[in-house]
S.K.: 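Structure in structure tokens, see below.
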Amino acid sequence: MAVEKMSIAKALNESLRHALDTDPKVLIMGEDVGKLGGVFRITDGLQKDFGEDRVIDTPLAESGIVGTAIGLALRGYRPIVEIQFDGFVFPAYDQIVTQLAKMHARALGKVKLPVVVRIPYGGGIGAVEHHSESPEALFAHVAGLKVVSPSNASDAYWMMQQAVQSDDPVIFFEPKRRYWDKGEVDTESIPGPLHKAVTAREGGDLTLVAYGPMVKVCLEAAAAAQEEGKSIEVLDLRSMAPIDFDAIQRSAEKTGRVVVVHEAPVFYGSGAEIAARITERCFYHLEAPVLRVGGYSVPYPPARLEDEYLPGLDRVLDAVDRSLAF
């Protein structure tokens, strides 16, 4: 068993290295991914070891990057595209939703597009405008795309492997403020299917459902609530498309209360779909309405105000108290 403690950033780097090493059809493309190793150093050292034909520095043209990746995938390659920051993905949105997501259906299943689009997302790093967005719901809404986000180093390593091996396009959201969080990674033991939710903490009074950067916040909230005698379960969703509704249902039927937490705005966020679906499935098991905690429906604020915008411990615990008060 090869267990190593590493950061999420290191786990992603090792996973990309493994993908390049085991499959000559795997390519990495993006702005500054080569010589610089990416602004977050996720691709550090890969161009040096695999060459400029495998790890490709591209022009600053997101639409062109994704469009080129689609063409390469049609020729049998498995491109991994990096969008440097979340807010930079929108020039490529047309290519992603009208070409990448639709080609398989358009070709009646004869064409596969095994493209991974890596997107560092979310706030908490004190960045400037267009560098702290959470657009996952926009992509999860599009049929034909898989949308995932790891919350820990082990998932970062293995979910990237699984995304690269997928014959369907995967939008891989990386929680940038968690890049330096460390955890144990067993590089020889696959933890489970790509789209399966995982119980990060057992509990009996209420379920917190989260993914990506908010899982850590929910675990902290559960620990704080335990000091007041409340038993909180934390479910790490891991995938926003498809969603493991069966896992959420099992937990909801167990605890009777559900709070969905995500960094993106609550309005039309992924929590709305989860709340509606679980209400339909678990109506007679619920002791309280499914509540949602998330960002506000405003443009992401300047760095000095982002702590007020981002859901934190107090806002999660407030929702827990409101749910338990029913």
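Source: prediction; values computed, not measured.
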S.K.: To the closest 0.5 Å, what do you measure between CD1 (I80) and CD1 (I56)?
M.R.: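 Between I80 CD1 and I56 CD1, I get 11.0 Å after rounding to 0.5 Å.
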S.K.: With side chains defined as the heavy atoms from C-beta onward, is the minimum distance between V261 and V217 less than 4.5 Å?
M.R.: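 Heavy-atom side-chain distance check fails, nothing below 4.5 Å.
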S.K.: Looking at side-chain heavy atoms only, is the closest gap between L72 and L27 below 4.5 Å?
M.R.: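 A side-chain contact exists here, since the closest heavy-atom pair is under 4.5 Å.
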S.K.: Does H262 reach the main-chain N or O of G294 with its side chain, forming a donor-acceptor pair under 3.5 Å?
M.R.: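 A pair under 3.5 Å: no.
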S.K.: How would you list, by chain and number, every residue that makes a salt bridge (Lys or Arg N to Asp or Glu O under 4.0 Å) with E14, sequence neighbours excluded?
M.R.: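 E14 satisfies salt bridge (Lys or Arg N to Asp or Glu O under 4.0 Å) with K10 once adjacent residues are dropped.
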S.K.: Take E306 and Y300, measure what side-chain hydrogen bond (donor to acceptor under 3.5 Å, both in side chains) needs, and give me the verdict at the end.
M.R.: CA-CA 8 Å; E306 69 177 353; Y300 196 90; 2.6 Å; yes
S.K.: For S149 and M240, which heavy atoms make the closest approach, and how far apart are they?
M.R.: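 Minimum heavy-atom separation between S149 and M240: CB-CE, 4.0 Å.
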S.K.: Might you work through the salt bridge (charged side-chain N to carboxylate O under 4.0 Å, His left out) test for R322 and D318, ending with a clear yes or no?
M.R.: CA-CA 6 Å; R322 284 189 287 123; D318 176 69; 3.1 Å; yes
S.K.: Can you sort out the partners of L305 under side chain to side chain contact (heavy atoms under 4.5 Å, CB included), two or more places apart, ordered by chain and number?
M.R.: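 L305 satisfies side chain to side chain contact (heavy atoms under 4.5 Å, CB included) with P301, P302 once adjacent residues are dropped.
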S.K.: For A9, give me all partners under side chain to side chain contact (heavy atoms under 4.5 Å, CB included), at least two apart in sequence or on another chain.
M.R.: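 For A9, the residues satisfying side chain to side chain contact (heavy atoms under 4.5 Å, CB included) (neighbours in sequence not counted) are S7, I42, Y179.
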S.K.: Would you please name every residue forming a side chain to side chain contact (heavy atoms under 4.5 Å, CB included) with V298, sequence neighbours left out?
M.R.: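 Y296, Y309.
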S.K.: Decide if atom NE2 of H195 counts as having more than 12 heavy atoms of other residues, nucleotides or ligands within a radius under 6.0 Å.
M.R.: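 Correct, the count exceeds 12.
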S.K.: If you look only at pairs with a residue in residues 281-292, which of them pass as a salt bridge (charged side-chain N to carboxylate O under 4.0 Å, His left out), with sequence neighbours excluded?
M.R.: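 Every pair satisfying salt bridge (charged side-chain N to carboxylate O under 4.0 Å, His left out) with a residue in residues 281-292: D246-R281.
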S.K.: Please report the shortest heavy-atom distance between R178 and I8, naming the atom on each side.
M.R.: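 Smallest heavy-atom distance, with atoms named: O-CD1, 3.3 Å.
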S.K.: Any donor-acceptor pair under 3.5 Å linking the side-chain atoms of S297 with those of Y268?
M.R.: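 Per modelled atom types, Y268 and S297 side chains form no pair under 3.5 Å.
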S.K.: With sequence neighbours excluded, give me every salt bridge (charged side-chain N to carboxylate O under 4.0 Å, His left out) pair touching residues 129-144.
M.R.: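 For residues 129-144, and leaving out neighbouring residues, there are no salt bridge (charged side-chain N to carboxylate O under 4.0 Å, His left out) pairs at all.
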S.K.: Which of these passes ring-ring contact (aromatic ring centres under 6.0 Å, His included) with F85: F90, F173, F40?
M.R.: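 Checked F90, F173, F40 against F85; only one passes ring-ring contact (aromatic ring centres under 6.0 Å, His included): F40.
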S.K.: Okay, side chain of W158, backbone of S189: is any donor-acceptor separation there less than 3.5 Å?
M.R.: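 Answer holds: yes.
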S.K.: Taking all non-hydrogen atoms of both residues, which atom of P59 and which atom of I65 are closest, and how far apart?
M.R.: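 Closest heavy-atom pair between P59 and I65: O-CD1, 3.8 Å.
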S.K.: Would you tell me whether Q161 and S15 have side-chain atoms, one donor and one acceptor, within less than 3.5 Å of each other?
M.R.: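 Judged by distance alone, the side chains do pair up.
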S.K.: Take K216 and D181 through the test salt bridge (charged side-chain N to carboxylate O under 4.0 Å, His left out) and record every step on the way to the result.
M.R.: CA-CA 10 Å; K216 183 176 182 179; D181 289 1; 3.4 Å; yes
S.K.: What verdict does the side-chain hydrogen bond (donor to acceptor under 3.5 Å, both in side chains) test give for T207 and E233, after you've listed the backbone C-alpha separation in whole Å, the side-chain angles of each residue and the deciding distance to 0.1 Å?
M.R.: CA-CA 5 Å; T207 301; E233 184 151 295; 4.6 Å; no
S.K.: Any Lys/Arg nitrogen of E263 or R177 sitting under 4.0 Å from an Asp/Glu carboxylate oxygen of the other?
M.R.: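 Looking at R177 together with E263, the answer is yes, because their closest N to O distance falls below 4.0 Å.
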S.K.: Decide whether T58 and E31 meet the rule of one side-chain donor and one side-chain acceptor closer than 3.5 Å.
M.R.: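 No.
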S.K.: Ring centroids only, cut at 6.0 angstrom: are H131 and F88 within range, meaning strictly under it?
M.R.: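 Distance test on ring centres: under 6.0 Å, yes.
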S.K.: Considering all heavy atoms of both residues, which atom of A224 and which atom of L317 are nearest to each other, and what is their separation?
M.R.: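 In terms of heavy atoms, the two residues are closest at CB-CD1, 4.1 Å.
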S.K.: Under 3.5 Å, is there a donor-acceptor pair between the side chain of R257 and the main chain of A288?
M.R.: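 Not confirmed, R257 side chain does not pair with A288 backbone.
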S.K.: Strictly below 4.0 Å, N to O, side chains only: are K254 and E202 in salt-bridge contact?
M.R.: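 E202 and K254: salt-bridged.
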S.K.: Are a donor atom and an acceptor atom from the side chains of Y211 and S270 found within less than 3.5 Å of each other?
M.R.: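 Yes.
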S.K.: Could you tell me whether D168 and K146 make a salt bridge, using a distance below 4.0 angstrom between a side-chain N and a carboxylate O?
M.R.: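 Salt bridge: yes.
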S.K.: Are side-chain N/O atoms of S151 and D236 paired as donor and acceptor at under 3.5 Å?
M.R.: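 A pair is found: one side chain offers a donor N or O, the other an acceptor, under 3.5 Å apart.
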S.K.: Using only atom types and a distance under 3.5 Å, with no angle test, would you say the side chain of D86 pairs donor to acceptor with the backbone of P135?
M.R.: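 Absent.
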S.K.: In terms of ring plane angle, is the pair F139 and Y93 parallel, tilted or perpendicular, where the classes change at 30° and 60°?
M.R.: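 Aromatic pair F139/Y93 classed perpendicular.
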S.K.: Rounded to the nearest 0.5 Å, what separation is found between the OG atom of S323 and the NZ atom of K230?
M.R.: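 Answer for the OG-NZ pair, S323 versus K230, is 10.5 Å.
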S.K.: Would R118 pass as a cation-pi partner of F172, given that its NZ or CZ must be under 6.0 Å from the six-membered ring centre and within 45 degrees of the axis?
M.R.: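 No, R118 does not lie over the aromatic ring of F172.
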S.K.: Looking only at the side chains, is there a donor atom on one of R54 and Q47 sitting less than 3.5 Å from an acceptor on the other?
M.R.: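 Not at all, the side chains of R54 and Q47 share no donor-acceptor pair under 3.5 Å.
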S.K.: Does a salt bridge link D244 with R238, judged by any charged N lying under 4.0 Å from a carboxylate O?
M.R.: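 Not counted as a salt bridge, because no side-chain N and carboxylate O are separated by less than 4.0 Å.
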S.K.: Just wondering, more than 12 heavy atoms not from K102 lying within 6.0 Å of its NZ?
M.R.: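 Buried by this count: over 12 neighbours within 6.0 Å.
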